[in-house]
Amino acid sequence: MPELPEVESTRRHLVPVLEGRTLASIEVGRPRMLRRQAHPPDFVGRASGKTVRRLGRRGKFMLWDLGDDLTLVVHFGMSGRIRVADPTEPREPHTNVVWGVDEREVRFVDPRTFGFVACLTPEELDAALVGIGPDALDAPPTVDDLAAGLRGRRPAVKTALLDQRVVAGLGNIYADEVLHRAGIDPRRPAGSLETSELAAVVREIPAVLEDGLAHGGTSLDDLAYLLPDGRAGEFLGRLAVYGRTGQGCPRCGTRIRRAVVAQRSTHWCPTCQR
DNA sequence: AACGATCCCTGTTGGC
DNA sequence: TGCCAACAGGGATCGT
């Protein structure tokens, strides 16, 4: 669920909560959440007492610059999210990591534990981000970039858009939405797109992500992604194809189709997308 | 090397 | 109503 717009929405909400603040306490309720670190038990010792200088992001990775050559990395996986709460508020189930900051708690909630947190040296950070390509929003690919990334690839273009090496930040929802707006059938071999089609994809990647971001991201239900204050993102009602199997395409009314592509459920309009 | 398949987890949903 | 298989936003890994 958390794709670029959800991670970025979360990041923006956290800036006033975390930037310039000290991580006074850290609790790890589930050690499994600590990964990508040579010695996971170092996590608490490295991050405790540090002041968050700046919150950054690369693709779906949120990056807390702690100074001292340390970066706290948060990845939300499938079901991770952050909740900011008063310490007196009951912790919801699967609150796996808690940072105490001033009079509040920043809580990492992740039922499926596919997400992770780590506190990394520059070398470890490089290793964690190796193969993560240019950010889909901050450094969107040009037509030439995308052409180079897709050239000669036989798998579906949907598969290529999910490949974080090509462009970082798209997930299953927004990949479907980008291809709908670009008018491309998601099952097309990635290498088969004409230049004009690549241009449409290049145009729609940042456009769709900005749109999602402007609405606070996509909350598919109340149990998955929510903003740190507990509110739902409002982009769900504006999705054209994702999760709308059998319903009308907002552009032409044709029933939206669904198939499994790259082991992921994929939605498209057979009229608008060729 | 580049693929597809499988696995990591837990919770919800849909079909019987 | 109740049970259980199928399925879910991501991505690492392991075969072929």
Side-chain angles (χ1 to χ4, degrees), chain A residues 1-10 29-37 40 57-62 73-82 92-97 108-118 124 127-133 135-136 148-179 186-187 189-191 208-209 212-213 215-227 232-236 238-239 241-246 258-267:
Chain A
M1 138 190 21
E3 306 180 30
L4 189 152
E6 290 74 39
V7 178
E8 179 63 11
S9 293
T10 298
R30 283 198 67 169
R32 177 179 143 77
M33 301 311 306
L34 307 180
R35 295 200 292 277
R36 307 289 187 95
Q37 196 162 343
R57 183 188 55 74
R58 172 118 164 248
K60 303 172 192 172
F61 293 77
M62 190 161 57
V73 180
V74 180
H75 195 289
F76 295 101
M78 291 272 270
S79 60
R81 62 189 171 84
I82 279 181
E92 53 197 301
H94 307 292
T95 297
N96 296 337
V97 181
F108 186 82
V109 181
D110 187 3
R112 293 176 73 182
T113 69
F114 288 179
F116 68 90
V117 297
E124 291 170 336
L129 296 181
V130 70
I132 301 300
D135 187 81
L150 305 191
R151 186 172 298 130
R153 294 179 66 152
R154 306 283 308 277
V157 60
K158 160 82 178 266
T159 309
L161 291 186
L162 292 177
D163 184 344
Q164 303 295 299
R165 294 171 300 185
V166 176
V167 51
L170 291 173
N172 206 35
I173 297 174
Y174 293 96
D176 279 3
E177 296 298 310
V178 164
L179 290 170
R187 301 167 298 174
V208 170
L209 295 175
L213 182 54
H215 294 277
T218 304
S219 294
L220 292 178
D221 55 58
D222 289 346
L223 297 169
Y225 163 77
L226 296 171
L227 290 156
E234 295 174 346
F235 198 59
L236 175 64
R238 309 181 103 85
L239 296 177
V241 289
Y242 183 86
R244 300 192 64 250
T245 310
R258 175 189 182 278
V260 174
V261 177
Q263 286 81 242
R264 315 299 281 275
S265 79
T266 297
H267 315 72

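Numbers restart at 1 for each chain; the letters A, B, ... are given by sequence-line order, proteins then strands. None of these values were measured; they are calculated from a predicted model.
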Handout entry: A:Asp110: which of A:His94, A:Met33, A:His75 passes side chain to side chain contact (heavy atoms under 4.5 Å, CB included)
Key = A:Met33
Please work out if [X] contacts a base, only the sugar-phosphate, or nothing of the nucleic acid, heavy-atom cut-off 4.0 Å.
| X | value |
| --- | --- |
| A:Arg35 | nothing |
| A:Arg32 | sugar-phosphate |
| A:Tyr242 | sugar-phosphate |
| A:Arg30 | sugar-phosphate |

What nucleotide, of [options], holds the atom closest to the side chain of [X]?
| X | options | answer |
| --- | --- | --- |
| A:Pro155 | C:dG11, B:dC9, B:dG4 | B:dG4 |
| A:Arg258 | B:dC3, C:dA8, B:dC8 | C:dA8 |
| A:Pro111 | B:dG4, C:dG11, B:dG11 | B:dG11 |
| A:Lys60 | C:dG11, C:dA8, B:dG4 | C:dG11 |

In whole angstrom, what separates [X]'s [atom1] from [N]'s [atom2]?
| X | N | atom1 | atom2 | value |
| --- | --- | --- | --- | --- |
| A:Asp163 | C:dG10 | CG | C1' | 13 Å |
| A:Asn96 | B:dC8 | CG | P | 18 Å |
| A:Phe76 | C:dA8 | CZ | C1' | 18 Å |
| A:Arg165 | B:dA2 | CZ | P | 7 Å |
| A:Arg154 | B:dA2 | CZ | C1' | 12 Å |
| A:Met78 | B:dT12 | CE | C1' | 13 Å |
| A:Arg112 | C:dG10 | CZ | P | 10 Å |
| A:Asp176 | C:dG10 | CG | P | 10 Å |

Problem - A:Arg32 atom CZ: more than 12 heavy-atom contacts under 6.0 Å - result: yes
Handout entry: Atom CD of A:Glu124 with >12 non-hydrogen neighbours under 6.0 angstrom
Key = yes
Return no unless some side-chain N or O of [X] is found under 4.0 Å from OP1 or OP2 of [N].
| X | N | result |
| --- | --- | --- |
| A:Thr113 | B:dT10 | no |
| A:His75 | C:dG10 | no |
| A:His94 | B:dC9 | no |
| A:Gln164 | C:dG10 | no |

Exercise for the section: Give a yes or no on whether a donor-acceptor pair under 3.5 Å exists between the nucleobase atoms of B:dA2, that is its base, and the side chain of A:Arg153. Expected result: no
Exercise for the section: Indicate whether A:Phe114 forms a stack on C:dG10; treat it as stacked only if centroid distance is below 5.5 angstrom and interplanar angle below 30 degrees. Expected result: yes
Practice task
Pick the P atom in B:dC9 and in C:dC14, then give their distance to the nearest Å.
Solution key: 15 Å
Exercise for the section: Give none if B:dC16 has no partner; otherwise give the nucleotide forming a Watson-Crick or G-U wobble pair with it, both distances under 3.5 Å. Expected result: C:dG2
Practice task
Kindly indicate whether the side chain of A:Phe61, heavy atoms from C-beta on, has any atom under 4.5 Å from the side chain of A:Arg36.
Solution key: yes
Practice task
State, with a plain yes or no, whether a side-chain heavy atom of A:Tyr242 is found less than 4.5 Å away from one of A:Asn172.
Solution key: yes
Practice task
By nearest nucleotide on DNA chain C, pick out whichever of A:Gln263 and A:Ile132 is the more 5' one.
Solution key: A:Gln263
Problem - Pair A:Glu6, A:Tyr174: side-chain N/O donor-acceptor within cut-off below 3.5 Å - result: yes
